[in-house]
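In the text below, chain A, chain B and the rest are named by the order of the sequence lines, each starting its count at 1.
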Amino acid sequence: MTPIYDPQGLEAQAQAAWQRSGAFVADESRPGEKFYCLSMFPYPSGRLHMGHVRCYTLGDVINRYRRLKGYNVLHPMGWDAFGLPAENAAIKHNIPPAKWTQDNIDYMRTQMQRLGFGMDWSRELATCDPEYYRWEQWLFLRLYKKGLVYRKNAIVNWDPEDQTVLANEQVVDGRGWRSGALVERREMAQWFLKITDYAGELLDELEHMDGWPESVKSMQRNWIGRSEGAEIDFLLAHDPDQKLTVFTTRPDTLMGATYVAVAAEHPLALAAAQEDAQLEAFIERCRQNTTAEADMATLEKAGMSTGLSVRHPITNALLPVWVANFVLMEYGSGAVMSVPGHDQRDWEFAQNYGIPVIQVIEPVDDSVCDLNVAAFTHRGRLINSGAFNGLGFDDAFAEIIAALAESGLGRHVTNFRLRDWGVSRQRYWGCPIPMIHCAECGVVPVPEEDLPVELPTEVSFQGVGSPLVSMPSFLDVDCPQCGAAARRETDTFDTFMESSWYFARFASPDSNAMVDERASYWTPVDHYVGGIEHAILHLLYARFYFKLMRDEGLVKDNEPFNRLMMLGMVLQDGKKMSKSAGDAGDPQKLLDRYGADTVRTAMMFAAPPEQSFEWSEAGLEGAMRFLRRLWAGVHEHRQAMEEVPELVKEDLSSSAKALRRKAYETLAKADDDFGRRMQFNTVVSAVMELINAIGRMDVENDADRAAVHEAWTLAVLVISPIAPHISHHLWEALGQQDALIDHPWPEVDHSALVQDRLTLVVQVNGKVRGQIEVAQDAEQGAVIELAKADANVARHLEGKHIRKEIVVPKKLVNIVVG
RNA sequence: GCCCGGGUGGUGAAAUUGGUAGACACAAGGGACUUAAAAUCCCUCAGAGAUAAUACUCCGUGCCGGUUCGAGUCCGGCCCCGGGCACCA
């Protein structure tokens with residue numbers, strides 16, 4: 001009798017066995033090349049959703065596969081525990097964020113363990129733990145001393161009714177989500193990290209990062225946005241001691257500049273507005289936009305003259321200064337020179353406001369230039385540019401900059417789109433920024449020995465603002481410099497700070513330094529799995545942070561992640577699963593009904609990793625059926641004999657040989673898919689094909705039995721990273737002595753793959769007209785003759801002139817006729 | 001708006017370097033087993049035409065065009081969907 005497949009019981013047993021042997025507790029002293037396998041740690045939002053299940057199953061498949069391949073694997077897990085939802089829950093349900101977060105962690109850990117992920121839980125960390133974030137504060141202070149930290153004003157979304165700063169996602173159609181009040185842009189002093197100091201390295205390293213998808217490198221390249229251009233100074237007409245500096249990538253078009261535009265927050269605009277009520281009103285309107293770049297970019301272009309003028313740095317002509325809603329204060333110097341003839345945005349603006357358009361570039365190829373229709377933005381030859389007429393782009397670029405340099409009004413610069421990283425958040429549930437404000441001494445860093453600055457967890461939310469602001473026990477502190485009464489910084493860090501180095505802490509989780517030499521052993525991460533939504537921000541900040549740590553001597557490599565696997569989204573109603581989407585994505589009821597192996601297999605089978613797909617439970621029945629067939633097949637096979645006969649290759653029937661070939665083809669394909677291609681749905685298909693082939697096999701003698709045994713053994717081994725629990729039991733059922741997870745991944749028996757006859761496709765003019773069977777080593781001429789002899793092929797060749805014969809070895813023959 | 005992806009049967013998908021489009025599944029329909037149901041097993045399954053036939057023919061990978069003996073795959077243009085756009089994580 002075949003025992004029934006009872007996933008709940010079997011899975012608990014298998015997990016207990018792994019637990020007992022400490023199978024997934026990583027140890028630096030174990031033999032084998034180290035392999036750091038990491039999936040992006042989750043925000044503890046409450047319960048897992050199918051997006052998590054996908055990400056962590058993929059990570060676990062890699063983990064288990066590498067283990068079978070003999071690597072010393074680290075596969076840790078932790079919690080990105082600071083963040084906005086905990087505060088929202090606190091306000092809504094009156095639960096302290098710390099408790100809410102801890103409850104969620106406990107529940108989600110249980111779910112992960114139920115899924116059978118082979119993780120090293122001894123290294124678990126939560127970023128809200130002072131023993132974690134103290135090192136973040138420590139590094140921040142080191143960076144402050146190095147001059148990599150500074151404070152400046154930056155624009156935030158301000159909800160005037162709730163008197164609080166809003167995240168972009170809390171702004172809905174320009175209004176605060178809670179209050180419904182129109183959101184204003186407001187300037188506030190904020191802490192910044194000088195990521196721009198590393199812009200060049202962050203960009204250049206991308207060239208060597210072969211383990212990253214091209215798409216992600218391309219996104220990061222564009223985000224960093226290196227551009228060569230010029231900084232040009234325009235002196236103010238009414239006060240030549242003051243200058244307005246702009247950045248342009250097209251200094252060759254300088255002679256066509258007809259106005260200068262500044263951002264609404266630009267000091268010049270603000271100064272002009274003091275004497276101009278209309279301008280003030282316009283700037284006020286510009287303020288009623290969110291800080292989101294997408295909103296800025298889709299705005300109807302609008303502007304207003306400041307009434308001020310500047311001098312053209314070469315012609316000395318007067319150019320008007322406009323305020324424009326599309327100029328970003330954060331980018332460059334918050335001012336642009338406008339050349340409507342050769343920049344489409346400037347052209348549209350000039351059309352709207354009747355500003356003159358001057359052509360200074362003419363085409364040098366057959367491209368069309370009609371400035372009545374659109375700007376001409378191609379590079380070309382200069383006209384209407386005085387001494388520079390006739391120059392091409394490169395010469396004009398160099399000579400105009402040289403001319404400006406001579407008068408001290410311009411210089412060549414390399415500019416980056418990347419802006420410094422604003423790390424201040426006016427929120428409670430985050431890592432306190434270790435700074436003190438003293439009336440006498442100004443900003444004073446917290447002394448290292450006073451770290452960590454602990455976030456008080458006993459808090460009550462009165463309104464929506466940060467409780468820290470009204471907590472004397474937190475706020476009041478003596479100035480470390482002068483001893484006078486001072487006030488703590490109440491801003492907390494951006495949560496990207498925590499997620500920028502957690503992978504290094506996993507390597508030395510109990511260290512009494514930020515990290516220790518174990519971090520140098522495990523990092524860089526060899527395989528990093530995570531959602532494509534993190535392609536820019538998280539991955540760029542983490543790369544930056546790793547370089548900061550390197551420059552502090554904490555780690556030795558330049559880059560933190562060797563190989564990156566970017567997952568598509570698991571969608572729900574066509575959108576990414578979110579914390580607010582409720583239980584629809586919760587795997588719990590599926591785990592209860594089908595067990596972990598079925599959920600894992602169905603998820604892996606559903607789509608290749610990089611593809612987004614709409615989650616559906618339709619595949620679960622099929623996955624369960626597949627595992628049951630595997631279960632029953634192995635047990636029936638094992639019960640049909642006392643002893644497993646030895647495999648004697650010479651005794652194999654042709655069908656047994658075919659089965660062996662299929663089995664080893666499956667092994668080779670799985671190795672390639674797990675290791676190189678990182679595509680796992682095809683591994684599931686391949687094993688399905690293999691067990692279908694075993695099922696079709698008529699077992700007549702011991703040689704057949706031995707081949708079938710080998711095939712079952714390989715099927716169980718190959719599927720084990722995906723469905724580890726059932727595989728654990730079937731491995732025992734097959735009579736194996738060792739535990740499956742400790743078994744080495746087998747070598748392919750190449751002799752089993754040899755085929756003496758091959759089937760080739762025959763095409764006539766690219767259309768399939770027949771198939772022929774040829775010897776493995778058949779000569780080209782013979783293959784063509786055989787192809788022509790096929791009845792249907794011959795019919796299509798009849799009366800036609802053969803112009804070309806193409807033979808693709810082992811694949812096809814194409815005969816081209818006229 | 002800008003950057004990055006994706007679009008293949010009723011559905012999820014496969015086709016790895018330009019070489020048989022739809023493997024493997026799901027759903028559906030038909031059949032076997034059963035008193036019955038579930039489970040299991042077998043068959044059919046892109047569309048159209050034609051046939052005694054599973055021979056055969058045409059058509060087909062979002063749309064339009066191109067390169068090639070040959071295009072789902074490469075190139076140009078477009079449409080739609082998804083992700084990111086610096087305070088969701």
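For A/Gln611 and B/G83, the CD to C1' distance is 14 Å, given to the nearest whole Å. A straight line from CH2 of A/Trp421 to C1' of B/A86 spans 11 Å, rounded to a whole angstrom. Separating the CD atom of A/Glu293 from the C1' atom of B/C3 is a distance of 10 Å, rounded to the nearest angstrom. The CD1 atom of A/Ile224 sits 19 Å away from the P atom of B/G84 (whole-angstrom rounding).
Nearest nucleotide to the side chain of A/Gln679, out of B/A14, B/G83, B/A86: B/A14. Of the listed nucleotides (B/C87, B/G84, B/U16), B/G84 has the atom at the smallest distance from the side chain of A/Glu533. Closest to the side chain of A/Asp494, from the set B/C87, B/C56, B/A86, is B/C87. With distances taken from any side-chain atom of A/Ser612 to the nucleotides B/A13, B/G83, B/G82, the minimum falls on B/G82. With B/G12, B/A89, B/A86 as the candidates, the nucleotide lying closest to the side chain of A/Trp223 is B/A86. Distance from the side chain of A/Met219 is smallest to B/C3 among B/C3, B/C87, B/U16. Relative to the side chain of A/Met569, the nucleotides B/A89, B/G82, B/U16 differ in distance, and B/G82 lies closest. Of the candidate nucleotides B/G12, B/A89, B/A14, B/G12 has the atom nearest to the side chain of A/Phe613. Between B/U16, B/A39, B/A89, one nucleotide has an atom nearer to the side chain of A/Thr495 than all others, and that is B/A89.
Between A/Trp631 and A/Tyr5, the ring-plane angle classifies as tilted under the 30° and 60° cut-offs.
When both distances must be under 3.5 Å, the Watson-Crick or G-U wobble mate of B/A55 does not exist. In this structure, B/G60 forms no base pair with any nucleotide, since neither Watson-Crick nor G-U wobble geometry is met with both distances under 3.5 Å.
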Please list, for nucleotides 46-53 of chain B, all pairs of protein and nucleotide N/O atoms separated by less than 3.5 Å.
none

Between the protein and nucleotides 58-62 of chain B, list every N/O to N/O distance that falls short of 3.5 Å.
| from | atom 1 | to | atom 2 | distance (Å) |
| --- | --- | --- | --- | --- |
| B/C58 | OP1 | A/Arg769 | NH2 | 3.2 |
| B/C58 | OP2 | A/Arg769 | NH1 | 3.1 |
| B/C59 | OP2 | A/Lys767 | NZ | 3.4 |

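A side chain to side chain donor-acceptor pair (under 3.5 Å) with A/Thr290 is found for one member of A/Asn157, A/Asn168, A/Asp173, A/Asp295 and no other, namely A/Asp295. Put simply, the residue from A/Tyr133, A/Tyr541, A/Tyr132 that forms a ring pair (Phe, Tyr, Trp, His ring centres under 6.0 Å) with A/Trp501 is A/Tyr132.
Distances shown here put every side-chain N or O of A/Asn168 at or beyond 4.0 Å from the OP1 or OP2 atom of B/C85. When the side-chain nitrogen and oxygen atoms of A/Arg696 are compared with OP1 and OP2 of B/C41, none of them lie within a distance under 4.0 Å.
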Query raised in the report: Could you run down nucleotides 19-28 of chain B 5' to 3' and tag each one B, S or - for protein heavy-atom contact under 4.0 Å?
Result: BB--BBSSS-

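In this structure, A/Pro608 and A/Gly770 both approach RNA chain B, and ranking their closest nucleotides by distance from the 5' end singles out A/Pro608.
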